[in-house]
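Protein chains get the first letters and strands the later ones, always in sequence-line order, with residue 1 at the start of each. Keep in mind the model is a prediction, meaning the values are calculated, not measured.
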Amino acid sequence: GPLRSDDDDGWFVAEKYLRRLYGLSPGLRGARTSSSEFQTKIKEMQRFFKLKVTGNLDDNTLDLMKEPRCGVPDVAE
Amino acid sequence: YNHFPRDLKWMTNAITFRILNYTPDLKKSDVDRAIRTALNVWADVTPLTFKKLYQGNADIMISFGTKEHGDHNPFDGPDGLLAHAYPPGQGIGGDTHFDEDEHWTKDSSTYNLFIVAAHELGHALGMSHSSDPGALMYPVYSYATGYPLSVDDINGIQALYGPNPDSKKVQPKPDAPTKCDPMLSFDAVTELRGETIIFKDEYYWRLHPQMPEPEQTLIKSTWPSISKKVDAAYENPEKDLVIIFSGIRMWALNGYNLVDGYPKYIHKLGLPKKIRKVDAAVHIKDTGKTLLFTEEEYWSYDEETGTMDTGYPRSIEEDFPGMDDEVDAAVFQHGYLYFFHDHLQYEYSYTSRKVIRIMRTNSFLNC
């Protein structure tokens, strides 16, 4: 298959992160731009970390996702 | 701080724990010490006690594992997720798992087991993640020495279990300064290879031209060996060095790395012994001079000759008309000198020798 570009890699990291820690539902979704659940989860994460709440996967948000962290789900049980 | 939904907590103050296996990265005794010390961090501020079991079922079962390790909550290999723990409850409740794919240490290299354990055991006692970057329960790892709990952590755990009846004295980790506080002042500001670093109390903000929001970090997390508070800092781009002042000592950074041979005494620059601290420092690239501000005066240091210019100190008020008589921090950007004093910043034109604008200090942080 084709190699992932850096941009794709960022989305891969973000998707894994949001699924794991923000309950992003798994499964196939439509085009990224219309992915409102993805944006909602990014906004939730940006709000918690006091980043600029844009719902977009900017470098700042992605950098924080790549930081080492605790894996306890933010929502219990 | 946050708790888990329904404020999950242990119904007894006498909690048991058991270490099921050990990481090969550390001596067994070091792991035992890290866990015990991490538990004591919480015991010191609550009525909780922790008894170690060697067999059978304990409230908090501690283990090291990789990838899928038995709880359908797999780890992800090196870096990324470091550990997780379950809130108080029967069965898996309270259990604390560390990712064996990490390299565990007892110092600041890679991941310090004590710090991660103190965070995870906070979960095991009912603490959820905090959004305060200065709190132990903030979900991103950062290394720091000293007592790990912030006031936020202490308030959170005491809301569940109450204070320690013996009321042991603890010195909480300082609160992180709030960037948009209208009364915010700076300790020091410097450029660092195109970024701007702002020091305030025991933290610093990092401003990157491509980052919309400043990033806040404990000074000790990045540079464990420098003083916890910084008085002044400046960048000499020709030498690719940032000099950091704290009291009578100064350190040099090349990028984010400390340069060998430091700390040195500030008097090596030619300052008289009676000067015990530098309030602010700024390097003027066009002249090759570094201005050092001390109380109501300033000195001029020639970077090329490594000597203090004659005719100094001079009065700040006289040479920088429109400025206050004292300076907390200074930085040279876009052809202007920016001075900070208390909650005000002064944009000063070095060529026309006048103050162009006066703004709040926090506007430098996009507030």
Practice item. Count the heavy-atom pairs under 4.5 Å between each of B:Ser131, B:Ala83, B:Gly89 and chain A, then report the option with the highest count. Key: B:Ser131

Check your understanding: For the candidates A:Lys50, A:Met65, A:Arg47, which exhibits the highest count of non-hydrogen atom pairs separated by less than 4.5 Å from chain B?
Key -> A:Lys50

Point to revise | Minimum heavy-atom distance between A:Phe48 and B:Ser130, given as atom pair plus value | key: CZ-O, 3.0 Å

Review point. Are more than 12 heavy atoms from other residues, nucleotides or ligands located less than 6.0 Å from atom CD of B:Glu68?
Key: yes

Practice item. Report the C-alpha separation of A:Arg69 and B:His119 in whole Å, then their side-chain angles, then the decisive distance to 0.1 Å, and conclude whether the side-chain contact (heavy atoms from CB on, under 4.5 Å) test is met. Key: CA-CA 10 Å; A:Arg69 62 163 282 164; B:His119 173 101; over 6 Å; no

Point to revise | Contacting moiety of B:Asn366, where chain A heavy atoms sit under 4.5 Å | key: neither

Study note, to complete from the structure: For A:Gly71 and B:Leu81, the nearest pair of non-hydrogen atoms, with its separation, is CA-CD2, 3.7 Å

Check your understanding: So which heavy atom on A:Cys70 is nearest to which on B:His123, and how close?
Key -> SG-NE2, 3.3 Å

Practice item. Measure the NE2-CG distance between B:His208 and A:Asp59 for me, rounded to the nearest 0.5 Å. Key: 9.0 Å

Check your understanding: Any side-chain heavy-atom pair from A:Phe49 and B:Pro139 closer than 4.5 angstrom?
Key -> yes

Practice item. Measure B:Glu120 against the heavy atoms of chain A and call it side chain, backbone, both or neither at under 4.5 Å. Key: side chain

Check your understanding: Which is it for B:Asn73 and A:Arg20 under the side-chain contact (heavy atoms from CB on, under 4.5 Å) test, yes or no, and what are the steps along the way?
Key -> CA-CA 9 Å; B:Asn73 209 349; A:Arg20 181 63 190 264; 2.8 Å; yes

**Study point:** 4.5 Å side-chain heavy-atom contact, A:Val72 and B:Tyr86
**Key:** no

Revision key, fill the gap. So CG of A:Leu21 and NE2 of B:His84: to nearest 0.5 Å the spacing works out to 11.0 Å

